[in-house]
Amino acid sequence: MKARLLFICLLSALFTCHVKGQVLKPFIRGGLTSSWFDSPGATEESVFQAGPNIGVGIKVPLNKWHSLFIEPTLAAISKGDVYKADKAGGRVSFSIWYLETQLDFIYRIKIGRHWRIPFGTGLYGAYGIGSKVSATNGITWFRGIPVSTSISMFDDIIGANRWDAGWRVSTVGVEYRRFMFRWNFEVGFFPQFSSRMPHGYNQDYYGENCTMSWNIGYSF
């Protein structure tokens, strides 16, 4: 419920942001993500999950020098994890697509006529719109179900949470004229898997989402 509320609030901010006398600057950005579950109890080696992301948003200046901004963004982003199943000689891959609302507070330092260095922090809320678990042949899931059938993470077998929310811990990058490069790191507030998991299964394996993103964008 808390993740759902944060998602709705941040989505509302995207459509209602307005600062009197300021020009709002829309932008588009896209890039790659590397993600994993914060799983201190896992015994298998995690090798991260790579995927794409794309988003649109607006820059809302908060001062007349255009050095302080808020940036509400709506993004489609891929997250998950990959575990090495050494005993079975394969890997298990978790993949989730989220519709994510982001709200960043950005401060920009001018280092030249057209160059800026932005850094900041913020929050995100997300809703899972698609997912799957897949693995190499021979690996089974709960109740002997083969993982190679690519089952959904949101069904009753696994019981993953569709809603997610967390802290965009850091945002740094470089901007040149209308172009921008950004690196972001996110960590979720809530475990990825709920109490619906079968009794006796170790939920410590699959904790909060952690995601690094590299993006290239353009401001209009």
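Being a predicted model, the structure only gives us computed values, none of them experimental.
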Do [X] and [Y] have side-chain heavy atoms sitting under 4.5 Å apart?
X: S131; Y: F94; value: no
X: N209; Y: F37; value: yes
X: R182; Y: T171; value: yes

Nearest 0.5 Å, please: how far is [atom2] in [Y] from [atom1] in [X]?
X: N184; Y: N215; atom1: CG; atom2: CG; result: 6.0 Å
X: Y98; Y: T33; atom1: OH; atom2: OG1; result: 11.5 Å
X: W167; Y: F185; atom1: CH2; atom2: CZ; result: 9.5 Å
X: S78; Y: L32; atom1: OG; atom2: CG; result: 10.0 Å
X: H114; Y: R178; atom1: NE2; atom2: CZ; result: 12.0 Å
X: D164; Y: Y127; atom1: CG; atom2: OH; result: 13.0 Å

Indicate if [X] and [Y] have the same hydrophobic cluster label, given that clusters are the connected sets of ILVMFWY residues with side-chain heavy-atom separations under 4.5 angstrom.
X: I109; Y: I70; answer: yes
X: I28; Y: F179; answer: yes
X: I54; Y: M180; answer: no
X: W97; Y: W163; answer: yes
X: F69; Y: L74; answer: no

Which atom names give the shortest non-hydrogen contact between [X] and [Y], and what distance separates them?
X: A165; Y: F190; value: CB-CE1, 3.9 Å
X: G120; Y: I106; value: CA-CD1, 4.2 Å
X: V174; Y: P118; value: N-CD, 3.8 Å
X: S35; Y: T211; value: CB-OG1, 3.8 Å
X: W183; Y: S170; value: CZ3-OG, 3.0 Å
X: S95; Y: Q49; value: CB-NE2, 3.8 Å

Parallel, tilted or perpendicular for Y176 and W115, by the 30°/60° rule?
tilted
Check the orientation of Y218 and F220. Use parallel for under 30°, tilted for 30 to 60°, and perpendicular for over 60°.
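Perpendicular: the ring planes of Y218 and F220 meet at over 60°.
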Partner set under side chain to side chain contact (heavy atoms under 4.5 Å, CB included) for R116, not counting sequence neighbours
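Applying side chain to side chain contact (heavy atoms under 4.5 Å, CB included) to R116 gives R108, K110, E175.
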Could you work out, with side chain to side chain contact (heavy atoms under 4.5 Å, CB included) as the rule, every residue matching L68, not counting sequence neighbours?
L62, N63, Y107
More than 12 heavy atoms from other groups under 6.0 Å of CD1 on I216
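Not buried by this count: 12 neighbours or fewer within 6.0 Å.
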Start with the C-alpha distance between M212 and W36, add both sets of side-chain angles, then the distance that settles side-chain contact (heavy atoms from CB on, under 4.5 Å), and finish with yes or no.
CA-CA 9 Å; M212 289 190 295; W36 64 97; 4.1 Å; yes
